[in-house]
Amino acid sequence: MYSQALNTKETAADTSPEATRFQARIDAEDRIEPNDWMPEAYRRTLIRQISQHAHSEIVGMLPEGNWITRAPSLRRKAALLAKVQDEGGHGLYLYAAAETLGVAREELTDQLLSGRAKYSSIFNYPTLTWADIGTIGWLVDGAAIMNQIPLCRCSFGPYARAMVRICREESFHQRQGYEIVMTLCQGTPEQKAMAQDALNRWWWPCLMMFGPPDGASEHSDTSMRWKIKRFSNDGLRQKFVDATVPQGRYLGLTFPDPDLRFDDESGHWRFGPIDWDEFRRVLAGDGPCNRERLEARRKAHDDGAWVREAALAYAAKQRIAA
Ligand SMILES: [Fe+2]
Ligand SMILES: [Fe+2]
């Protein structure tokens, strides 16, 4: 998940009439809106999840942005530009949704730039070849869709509504990525080898996007009870593997997992163990590109200072004129 399926600490059970009414509304699939009563822990969980998601969209523009000037044709360049702009738009809807919970956008930006906030570990890996751009669309956006479709039914209205629009765009991203990989696989042996190499490097980090295994998730049932989360991390990861393996096999690609096999009995693709040490290292700031990504965001923020100042000066003038 772009918010890496964080878990919520269970606080002492709240038995107040408001809390009982709140849970009854959730159970009835009612949407909670910003001005409605909500438990503080629900508000905090959502602020954290939505802002991590927003940060992931914004940082996620960087690995692909690297290739805009090097896209192999005008058509590819136009599609990639549009995709990267979409991701910026996703960040904006999500920051706006987080703000309805009473947190300022400036505070969230500060958390990201100071390194206090997390974003998805996947964006700390480098994009080495053009095949990485296709593979990101196919796998990273594919994993994002798997996670985000259930969020369209999240109990918090502004988040759920933002996700409806985002999911439509993510599905275009996934298709454009798969089409790039398909073109490479139907090309020269060198192009196909490039696609295979990208799959080899991105496969395991993509499986990590769904967050830690269910057994290691303490208290994860609170998010389920509040209907912020609808499926477990392992459940979503399995859905992703089941959907993606046939797509890779159709292209004649192999997956970098000697244990990958189809289990007739369950109807699922079984996969080997995930390197959770790598996941923890990358999440803690020690991935291949963590420093570079934060530096790029800080520079963009500093370079944009004059725009924010000008907007504030304009707003102040308008107030005086009014
Ligand atoms: Fe996105
Ligand atoms: Fe996307």
Side-chain angles (χ1 to χ4, degrees), residues 1-6 46 48-68 71 75-98 105 108-109 112 117-127 130-154 158-182 198-199 202-203 205-211 236 239-240 243-244 247 289 293 296-297 300:
M1 184 185 280
Y2 274 11
S3 58
Q4 227 96 47
L6 55 100
L46 277 167
R48 205 163 44 140
Q49 174 162 337
I50 299 172
S51 62
Q52 281 189 7
H53 191 164
H55 299 327
S56 302
E57 300 283 357
I58 298 293
V59 177
M61 297 168 78
L62 297 171
E64 291 179 286
N66 262 342
W67 280 87
I68 291 173
R75 175 173 171 260
R76 294 295 188 204
K77 192 193 286 271
L80 184 57
L81 259 175
K83 179 191 192 280
V84 172
Q85 279 184 337
D86 284 353
E87 306 300 5
H90 298 171
L92 296 188
Y93 312 148
L94 290 164
Y95 283 127
R105 169 104 173 254
L108 299 177
T109 304
L112 172 67
K118 301 248 183 290
Y119 56 86
S120 178
S121 56
I122 195 74
F123 301 117
N124 291 312
Y125 290 85
T127 40
W130 173 250
D132 289 28
I133 301 306
T135 306
I136 286 180
W138 172 32
L139 300 180
V140 176
D141 290 273
I145 294 168
M146 226 28 119
N147 266 310
Q148 294 175 10
I149 294 277
L151 288 174
C152 297
R153 293 187 294 130
C154 166
Y159 193 26
R161 290 188 288 274
M163 292 318 302
V164 172
R165 183 160 174 181
I166 290 176
C167 283
R168 286 197 189 125
E169 292 177 347
E170 298 299 3
S171 103
F172 159 74
H173 298 169
Q174 197 268 353
R175 281 162 205 214
Q176 70 85 37
Y178 191 68
E179 201 245 0
I180 291 174
V181 181
M182 191 183 309
L199 176 57
W202 288 92
W203 178 244
C206 281
L207 295 192
M208 294 174 197
M209 282 177 70
F210 295 89
L236 288 167
K239 259 167 134 53
F240 173 73
T244 309
Q247 294 169 353
C289 299
R293 299 289 183 243
R297 284 314 313 159

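Order of appearance sets the numbers: ligands from 1, and atoms from 1 within every ligand. Residue numbers run from 1 in the order of the sequence given.
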Heteroatom of Glu57 nearest to the Fe ion (ligand 1) (N, O or S, atom name): OE1
Check all N, O or S atoms of Glu170 and name the one closest to the Fe ion (ligand 1). OE2
Option passing side chain to side chain donor-acceptor pair (under 3.5 Å) with His90 (candidates Arg165, His53, Glu57): Glu57
To the nearest 0.5 Å, atom OG1 of Thr135 lies from atom CH2 of Trp130 at 10.5 Å
Which value, rounded to the nearest 0.5 Å, describes the distance between Trp202 atom CH2 and Thr127 atom OG1? 6.5 Å
What N, O or S atom of Asp141 is found closest to the Fe ion (ligand 2)? OD1
With respect to the Fe ion (ligand 2), what is the nearest N, O or S atom of His173? ND1
Distance check below 2.8 Å: does His90 bring an N, O or S atom to the Fe ion (ligand 1)? yes
Under 2.8 Å: N/O/S of Glu87 next to the Fe ion (ligand 1): yes
Exercise: do His173 and Glu170 side chains pair donor with acceptor under 3.5 Å: yes
NZ/Lys239: more than 12 non-hydrogen atoms of other groups inside 6.0 Å: no
